[in-house]
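Notes to accompany the following structure.
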Protein chains: 2
Amino acid sequence: MLNTTIADQEIVLDHGTGARLSRELVELTAELLGDVYVGEMEDSAIVRTAGEQLAITTDSFVVDPPLFGNGDIGKVAVCGTVNDLAVLGAEPRYLTLGVILETGLPLSRYATVLRSVGEAAREAGVVIVAGDTKVVRPGEADQIYLNTAGIGVFRRPPLRMAHVRAGDSILLTGPIGNHTVHLLSVREGLGFERDVLSDCAPLNGLIADVSRSPFGQAVHSIRDVTRGGLTAVMHEYARATGLTPHLVEEALPIERAVRMACDMLGINPMNAANEGCLCLFVQQAAADGVLEVLRGHPYGRQAVIVGTMVEGEGGEVRVTRPDGRVDLLDELQGAELPRLC
Amino acid sequence: MLNTTIADQEIVLDHGTGARLSRELVELTAELLGDVYVGEMEDSAIVRTAGEQLAITTDSFVVDPPLFGNGDIGKVAVCGTVNDLAVLGAEPRYLTLGVILETGLPLSRYATVLRSVGEAAREAGVVIVAGDTKVVRPGEADQIYLNTAGIGVFRRPPLRMAHVRAGDSILLTGPIGNHTVHLLSVREGLGFERDVLSDCAPLNGLIADVSRSPFGQAVHSIRDVTRGGLTAVMHEYARATGLTPHLVEEALPIERAVRMACDMLGINPMNAANEGCLCLFVQQAAADGVLEVLRGHPYGRQAVIVGTMVEGEGGEVRVTRPDGRVDLLDELQGAELPRLC
């Protein structure tokens with residue numbers, strides 16, 4: 001029934017004008033999202049909280065291409081926002097979903113994306129409470145853009161960058177560069193996309209495992225390594241803490257195929273966007289314990305220690321090269337790799 | 001200082017890549033928004049609620065043109081989301097702001113929009129707690145798109161469509177059609193835009209006045225009359241309540257210039273989008289009292305009663321024409337007027 005409705009149809013301007021076709025698209029959307037859609041047909045959703053602190057975040061997604069090898073913009077949009085809530089120590093609960101569609105988008109492609117939103121939300125344990133759809137003319141968007149805003153509740157004090165201390169170990173939960181290489185390969189037809197998959201994943205379960213473990217208190221701050229890559233995260237923490245992140249280049253988890261692709265493309269994997277990789281700042285004595293917990297979770301199997309926070313000149317980031325030389329890692333002006341997230 | 005930074009600059013792709021230029025744009029944005037921006041530089045904002053029910057909503061905005069005579073997409077984005085929270089009886093508190101920018105957008109235009117966001121937020125008494133910016137290539141967006149998600153708190157039970165009863169009066173807080181005529185006139189250079197201004201306004205203050213008045217309990221449901229116009233709102237309530245909205249065409253508040261423009265453009269003002277007009281469903285005995293309260297507020301001066309909810313065939317909407325004939329008002333398939341909100 002649903003599939004008959006979808007086949008061979010395209011988005012038209014009237015899907016966005018607030019009249020019957022708009023309403024039918026909303027109804028179709030609710031059906032595609034399934035049980036994770038709990039919106040009412042009022043102008044706002046109503047939820048109840050119990051005297052809690054809330055985390056609130058938003059992210060717009062303009063992923064090119066919107067459908068890639070092992071995922072799509074729908075999955076990225078849910079995971080990105082879920083992860084932004086979870087890294088502060090909040091339990092992600094509610095998402096809103098704003099959709100901008102280009103006229104002519106095949107409805108089947110829209111359906112694929114919305115089903116992914118539903119699946120990712122189900123895996124992350126969040127519900128979609130409100131949505132909105134706009135339609136623009138051809139050439140006023142690239143197929144589909146999404147916005148997800150997210151609300152999470154805190155069951156324990158928020159993690160903050162200010163909690164990071166000199167001596168803290170810097171951990172990564174998995175390899176870097178995969179998402180960027182996968183998307184560029186699909187985009188440009190480079191042939192890497194079968195060997196290198198996007199790491200896109202909701203990481204709230206992984207974070208919950210760590211925080212419930214005996215080492216939970218030793219985790220001072222977490223960040224997901226997305227736009228701007230590890231370089232951007234390191235500079236963010238250098239600015240916020242006044243400490244100096246000191247990385248060991250050889251310790252960075254980079255898959256062979258990713259390294260080859262990056263060499264070919266002239267990309268530094270440290271600057272590449274990821275969608276399923278966390279950077280944790282952990283009290284040194286507990287770092288091995290946290291590593292073990294991380295490795296016990298499917299999304300943390302390849303977790304490693306990549307560096308240490310040290311006292312130093314404010315704003316600097318250092319990296320020990322394979323030959324033992326210590327370099328300053330510059331903040332990038334731009335990455336020239338748009339639309340990966 | 002700020003103005004020197006902005007003059008003659010354009011948005012470039014690197015404003016969206018997560019590196020230094022991205023960060024500088026975020027810093028500029030915070031400066032433009034002023035005191036209403038309370039976001040921290042963590043991945044989510046943290047707010048505290050006190051055991052309350054929350055209203056949550058989202059809206060994407062693709063207004064064409066983004067800057068119009070008496071407002072811009074920034075004002076529309078704040079007011080639209082504030083109003084969606086307020087019509088349920090919630091007090092709007094927190095907004096998130098997602099921005100999609102087209103490469104080449106003059107930074108001065110961005111600054112105008114962001115200043116408007118700040119002003120409208122200030123007027124509405126909300127704060128911006130989280131933001132995100134993406135940049136796309138030329139031809140992948142039309143200058144600037146915004147998404148605002150909003151969170152409100154309930155100090156009293158939510159208003160719901162299901163509370164509407166047969167016999168309720170249908171009120172409008174002001175004239176319809178102005179926003180649509182103004183934007184189409186600016187867009188097409190028709191010359192109406194000096195006489196007909198957009199009605200865009202945050203209406204939470206107006207709603208608060210009514211709900212604090214002795215007639216507050218008599219207001220059963222409120223909707224802002226946006227995309228799809230009054231026709232869409234009437235059909236929404238017909239479906240949700242099983243009752244029949246019955247409008248009196250002659251009672252509809254439509255300014256002379258708007259009527260002329262609509263005739264010329266072949267638009268029915270009942271189908272036109274507004275950004276500052278409420279439709280209230282009010283117990284009949286209290287309708288005059290509510291009218292008086294509405295008229296005491298700057299945004300409700302021209303409030304009128306336009307119809308009644310009656311028992312009838314489910315799903316129908318009726319309208320009494322000036323000649324006394326009663327017609328069924330069809331739900332529109334589409335409005336063919338995209339990008340007004």
Side-chain angles (χ1 to χ4, degrees), chain A residues 13-14 16-21 41-60 62 84-85 87-88 90 94 96 98 100 129-132 134-136 139-142 145 147 149 151 158 160-161 223 227-228 232 240 331-339, chain B residues 13-14 16-21 41-60 62 84-85 87-88 90 94 96 98 100 129-132 134-136 139-142 145 147 149 151 158 160-161 223 227-228 232 240 331-339:
Chain A
L13 276 176
D14 276 339
T17 47
R20 188 168 63 78
L21 278 179
M41 293 296 158
E42 300 276 1
D43 274 5
S44 299
I46 299 168
V47 303
R48 188 173 282 284
T49 59
E52 292 147 320
Q53 268 188 314
L54 300 180
I56 306 176
T57 192
T58 187
D59 223 330
S60 292
V62 294
D84 278 350
L85 297 169
V87 294
L88 285 213
Y94 307 112
T96 64
I100 296 175
V129 293
D132 176 67
K134 293 292 188 300
V135 180
V136 298
E140 294 178 340
D142 187 8
Y145 299 152
N147 174 284
I151 298 172
R160 292 180 184 272
M161 288 193 276
R223 193 58 92 244
R227 230 182 349 171
E331 184 181 16
L332 291 172
Q333 155 120 351
E336 293 292 359
L337 290 173
R339 303 198 43 199
Chain B
L13 277 175
D14 276 340
T17 47
R20 187 170 62 80
L21 277 179
M41 292 296 156
E42 299 276 1
D43 275 6
S44 300
I46 299 168
V47 303
R48 188 172 280 285
T49 59
E52 293 148 321
Q53 268 188 313
L54 300 180
I56 306 176
T57 191
T58 187
D59 222 330
S60 292
V62 294
D84 279 349
L85 296 169
V87 295
L88 286 212
Y94 307 112
T96 64
I100 296 175
V129 293
D132 177 66
K134 293 292 188 298
V135 179
V136 298
E140 294 178 341
D142 187 9
Y145 298 152
N147 174 284
I151 298 173
R160 291 180 185 271
M161 287 193 276
R223 194 56 92 245
R227 226 177 0 166
E331 184 180 18
L332 292 172
Q333 156 119 349
E336 293 293 1
L337 291 173
R339 304 199 41 200

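The structure displayed is predicted, hence computed values, not measured ones. In the text below, chain A, chain B and the rest are named by the order of the sequence lines, each starting its count at 1.
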(message) At a heavy-atom distance under 4.5 Å, which candidate from A/Ala240, A/Pro158, A/Gly16, A/Ala149 has the highest pair count against chain B?
(response)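 If we count pairs closer than 4.5 Å to chain B, A/Gly16 comes out on top.
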(request) May I ask you to name which of A/Leu21, A/Thr57, A/Ile56 has the most heavy-atom pairs under 4.5 Å with chain B? (result)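 Winner by heavy-atom pair count: A/Ile56.
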(message) What part of A/Ile100 gets within 4.5 angstrom of chain B, counting heavy atoms only: side chain, backbone, both, or neither?
(response)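 Only the side chain of A/Ile100 comes within 4.5 Å of chain B.
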(request) Against chain B, label A/Val87 side chain, backbone, both or neither, depending on which of its atoms sit under 4.5 Å from a heavy atom there. (result)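 Just the side chain, heavy atoms under 4.5 Å.
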Indicate yes or no: does [X] engage [Y] in a salt bridge with an N to O separation below 4.0 Å.
X        : Y        : answer
A/Arg223 : A/Asp84  : no
B/Asp132 : A/Arg227 : yes
B/Asp142 : B/Arg339 : yes

(message) We want to know whether B/Asn147 and B/Thr58 form a side-chain donor-acceptor pair, criterion being a heavy-atom distance below 3.5 angstrom.
(response)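 Yes, B/Thr58 and B/Asn147 have a side-chain donor paired with an acceptor closer than 3.5 Å.
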(request) Under the side chain to side chain donor-acceptor pair (under 3.5 Å) rule, collect the residues that match up with B/Thr96, sequence neighbours excluded. (result)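 B/Thr96 satisfies side chain to side chain donor-acceptor pair (under 3.5 Å) with no other residue.
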(request) Would you mind telling me which of B/Gly131, B/Gly98, B/Ala141, B/Ala90 has the largest number of heavy-atom pairs within less than 4.5 Å of chain A? (result)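 Of the candidates given, the most pairs with chain A belong to B/Ala141.
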(request) Go through the atoms of B/Leu88 and report whether side chain, backbone, both or neither lie under 4.5 Å from a heavy atom of chain A. (result)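 Only the side chain of B/Leu88 comes within 4.5 Å of chain A.
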(request) Please look at B/Glu140 and chain A and tell me whether the side chain, the backbone, both or neither of the residue comes under 4.5 angstrom of a heavy atom of that chain. (result)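 Both parts, backbone and side chain.
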(request) With the side chain counted from C-beta on, respond yes when B/Tyr94 and A/Leu54 share a heavy-atom pair under 4.5 Å apart, and no when they do not. (result)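 No, too far: nothing below the 4.5 Å cut-off.
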